[in-house]
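Not measured: the values here are computed from a predicted model. In the text below, chain A, chain B and the rest are named by the order of the sequence lines, each starting its count at 1.
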Amino acid sequence: MKEQVTSLIISAIQSLQKEGVLPDDCKYTVRLDRTKDKSHGDLASNIALALAKSAGKNPRQLAQLISDKLPESSLVSKAEIAGPGFLNFFLNSASQFAVIEKIIQEKNQFGLSDIGKGKKVQVEFVSANPTGPLHVGHGRGAAYGATVANLLAATGFDVCREYYVNDAGRQMNILATSVWLRYLELLKVDITFPSNGYQGEYVKDIAQSMHEKMGDTFLKPADAIFNQVPADLSVDASGQESGDKEAHIDGLIENARTLLGQENYQILFNAGLNSILDDIREDLKGFGVEYQEWFSERSLADDDSIDLAVKQLQKSGHIYEQNGALWFRSTAFGDDKDRVVVRDNGQSTYFASDIAYHMNKFNRGFEKVINVWGADHHGYVTRVKAALSALEIDSDKLEVRLVQFAILYRGTERVQMSTRSGSFVTLRQLREEVGNDAARFFYVLRKSEQHMDFDLDLAKSQSKDNPVYYVQYAHARICRVLEKLTEQGKVWDTEQGLKSLELLITDRERDLSKKLAQYPEIIEKAALQHEPHILAHYLKDLAADFHTYYNASKMLIDDDALRNARLSLSIAAKQVLNNGLLLLGVSAPDSM
RNA sequence: GCGCCUGUAGCUCAACUGGAUAGAGCAACAGCCUUCUAAGCCGUAGGUUGCAGGUUCAAGUCCUGCCAGGCGCACCA
């Protein structure tokens with residue numbers, strides 16, 4: 001509908017160009033917006049304001065000229081000039097209700113489009129280190145990434161949802177060693193658990209199952225375990241600190257490796273990794289988040305991708321050596337300092353893996369790559385983009401979305417989260433407490449870069465204050481009406497309903513229908529801008545329009561034609577609510 | 001100190017990427033249940049968009065400088 005009105009404007013401008021009123025070469029894009037104010041009609045364009053300068057006319061004058069040249073159309077009942085020179089279009093009522101039939105025909109296809117034209121897009125999200133369960137911060141990234149991916153798929157992009165598994169590196173060694181030490185505790189070895197080890201209960205669980213499976217295979221005496229290990233951090237009675245927690249844990253890792261041998265160490269390492277990764281997979285799946293690809297960081301070392309990436313940078317002269325390490329000259333691409341890619345001990349850094357990983361992404365042919373990262377990683381954006389530029393990959397093809405943290409509240413009380421003690425609030429706890437639907441909806445209710453307050457009490461409450469219930473309730477209400485219809489021994493006569501749409505004459509009916517017609521544009525906008533909150537807010541508004549309508553007009557009335565017309569409108573609303581909620585990963589219940 | 005993000009009604013947030021009189025929901029006040037779920041609906045009130053300049057027909061939105069909050073500045077991942 002928008003396109004058709006836009007083409008009217010374009011043809012008016014073209015005829016003005018022919019007459020020499022407007023220069024032939026003037027550049028313009030016709031913008032046509034939905035109006036906020038009903039007195040401004042249904043659609044408005046600022047074209048006369050934008051072209052006033054190149055036409056050498058004042059905006060209102062130009063608007064009049066354009067208006068005079070507008071071709072006749074059955075859609076538009078009138079076009080008028082208003083304010084500083086806006087062109088306001090009023091649609092006739094038949095075209096306003098046409099959307100109802102379209103929705104009823106297209107069902108769950110309504111709102112889908114092919115503007116993505118099958119372009120390959122990757123959305124990488126969550127990608128939390130497999131060193132412990134997902135917490136509520138990851139939940140926001142999960143809900144955001146999954147919804148963006150759904151939106152892109154709905155608009156015709158070829159989407160790959162990917163999780164980057166950090167299955168290499170020091171943190172994983174700390175996990176493996178933590179598991180081993182907990183295992184040793186089960187065997188009554190007298191040890192003090194390191195302050196920098198993973199403290200969570202889940203580590204003990206992994207140790208327990210390791211013990212059940214392997215018996216005392218990994219048993220070593222305490223003095224060997226702590227042999228030559230620097231003292232751990234400790235604080236004495238006067239508050240004086242001594243020792244070094246980092247050196248302490250590194251010493252323990254070293255001893256674990258030598259005492260256990262490569263093979264046994266690897267068994268422990270994999271036990272920790274697999275157990276936690278399985279848990280993460282299961283957690284995300286339960287949250288309605290599915291991936292096409294779980295990409296292993298370790299695989300990049302195993303297949304020499306990292307070496308290859310470094311060599312390629314070397315070849316193009318972006319690498320230099322200093323103090324025995326290899327540095328990438330990222331300052332040449334706007335970074336504030338150069339970065340090490342291979343350490344003086346010959347080990348490549350995490351950043352080197354990241355370069356190889358991003359090279360790999362673009363080698364797979366993605367035309368657009370979206371990384372969803374926690375806001376604390378924003379420092380990495382510049383250097384990763386620098387690496388892409390150095391590899392002669394267009395860094396604009398990479399879009400990094402930084403998701404801010406969510407702060408949990410119970411009413412007005414802030415919920416403290418401490419990672420230290422291992423007693424953080426996990427995503428699973430959140431899901432159990434408020435339910436998947438509320439969690440998914442709340443997480444995407446805010447723009448991604450907005451700090452967010454997540455009120456647990458509100459998410460659980462069954463009232464209109466809670467936007468999830470509010471939207472779901474609208475859907476359930478319509479289902480209930482249909483149930484009631486059946487109880488009355490009647491059926492919805494689709495054909496009669498669609499033929500009788502002109503009986504829908506109230507403002508509320510027109511408002512609701514207008515809202516429904518907006519849905520495809522909303523999906524498109526939310527998808528292209530990668531902003532799910534646009535959809536969430538829209539569904540809230542749609543639900544509000546429906547509740548208003550429901551309260552004002554009774555549907556199950558004796559007048560067959562009007563009843564079927566109203567049912568058609570409501571069923572269209574139900575369909576759109578259903579389609580929108582599906583994209584958000586939220587259920588559309590038949591009853592509540 | 002440098003960099004990124006944020007600052008909009010008492011609170012939580014929008015505002016179609018520069019458009020018309022800045023909008024919702026809570027909370028406050030005032031109404032609506034012999035009616036398909038009152039898990040809802042309808043009003044009223046609430047603003048110098050952190051501050052100060054600038055750009056233009058037009059600025060919450062763009063540029064500059066301040067102020068406040070968050071996050072980051074490793075041969076860790």
Name the nucleic acid region contacted by [X], choosing base, sugar-phosphate or nothing; use a 4.0 angstrom heavy-atom cut-off, strictly under.
X: A:M452; result: sugar-phosphate
X: A:R480; result: base
X: A:A325; result: base
X: A:A82; result: base
X: A:N323; result: base
X: A:Q488; result: nothing
X: A:K337; result: sugar-phosphate
X: A:N46; result: base
X: A:Y550; result: base
X: A:H537; result: sugar-phosphate

In this structure, how many angstroms lie between the [atom2] atom of [N] and the [atom1] atom of [X], rounded?
X: A:H451; N: B:A14; atom1: NE2; atom2: P; answer: 12 Å
X: A:F86; N: B:G18; atom1: CZ; atom2: P; answer: 14 Å
X: A:I571; N: B:C36; atom1: CD1; atom2: P; answer: 19 Å
X: A:I557; N: B:U35; atom1: CD1; atom2: P; answer: 18 Å
X: A:L445; N: B:C26; atom1: CG; atom2: P; answer: 14 Å
X: A:L87; N: B:G19; atom1: CG; atom2: P; answer: 17 Å
X: A:L535; N: B:A15; atom1: CG; atom2: P; answer: 13 Å
X: A:E531; N: B:U17; atom1: CD; atom2: C1'; answer: 11 Å

Nearest of [options] to any side-chain atom of [X]?
X: A:D376; options: B:G72, B:C36, B:C75; value: B:G72
X: A:L49; options: B:C13, B:A20, B:G19; value: B:G19
X: A:D344; options: B:G7, B:C75, B:A20; value: B:C75
X: A:W327; options: B:C76, B:C42, B:C75; value: B:C75
X: A:F405; options: B:C4, B:G19, B:C71; value: B:C71
X: A:R446; options: B:C13, B:C76, B:C36; value: B:C13
X: A:Y469; options: B:C76, B:G19, B:A39; value: B:A39
X: A:K525; options: B:C76, B:G19, B:C16; value: B:C16
X: A:Q404; options: B:C5, B:C36, B:A14; value: B:C5
X: A:R170; options: B:C42, B:C76, B:U6; value: B:C76

* On the 0 to 90° scale, with breaks at 30° and 60°, tag the A:Y164-A:Y357 ring pair as parallel, tilted or perpendicular. => parallel
* In terms of the angle between their ring planes, are A:F333 and A:F328 parallel, tilted or perpendicular, with boundaries placed at 30° and 60°? -> parallel
* To do: Check the chi torsion on B:C33 and let me know: syn if it falls within 90° of 0, anti if not.
  => syn
* How would you label the glycosidic angle of B:U17: syn (within 90° of 0) or anti? -> syn
So, [X] and [Y], do they make that salt bridge, N to O below 4.0 Å?
X: A:D507; Y: A:R510; value: yes
X: A:D250; Y: A:R170; value: yes
X: A:K361; Y: A:E162; value: no

For [N], what is the paired nucleotide under Watson-Crick or G-U wobble rules, both distances under 3.5 Å?
N: B:A45; answer: none
N: B:C73; answer: B:G1
N: B:A14; answer: none
N: B:U64; answer: B:A52
N: B:A27; answer: none

* To do: Would you state whether a donor and an acceptor, one from the side chain of A:D33 and one from the base of B:A15, lie under 3.5 Å apart?
  => no
* To do: Check if the side chain of A:H378 and the base of B:G3 share a donor-acceptor pair of N or O atoms closer than 3.5 Å.
  => yes
* To do: Using distance alone, with no hydrogens and no angle criterion, decide if A:N166 and A:Q171 have a side-chain donor and acceptor under 3.5 Å apart.
  => no
* To do: State whether a side-chain donor-acceptor pair under 3.5 Å links A:D338 with A:T331.
  => yes
* Mapping A:S553 and A:A544 to their closest nucleotides on RNA chain B, which lands nearer the 5' end? -> A:S553
* To do: For A:H40 and for A:N551, find the nucleotide of RNA chain B with the closest heavy atom, then tell me which residue's nucleotide is more 5'.
  => A:H40
* Asked: Should the pair A:R477 and A:F546 be classed as cation-pi, given the thresholds of under 6.0 Å to the six-membered ring centre and 45° from the axis?
  -> no
* Taking OP1 and OP2 of B:A15, is either one under 4.0 Å from a side-chain nitrogen or oxygen of A:H533? -> yes
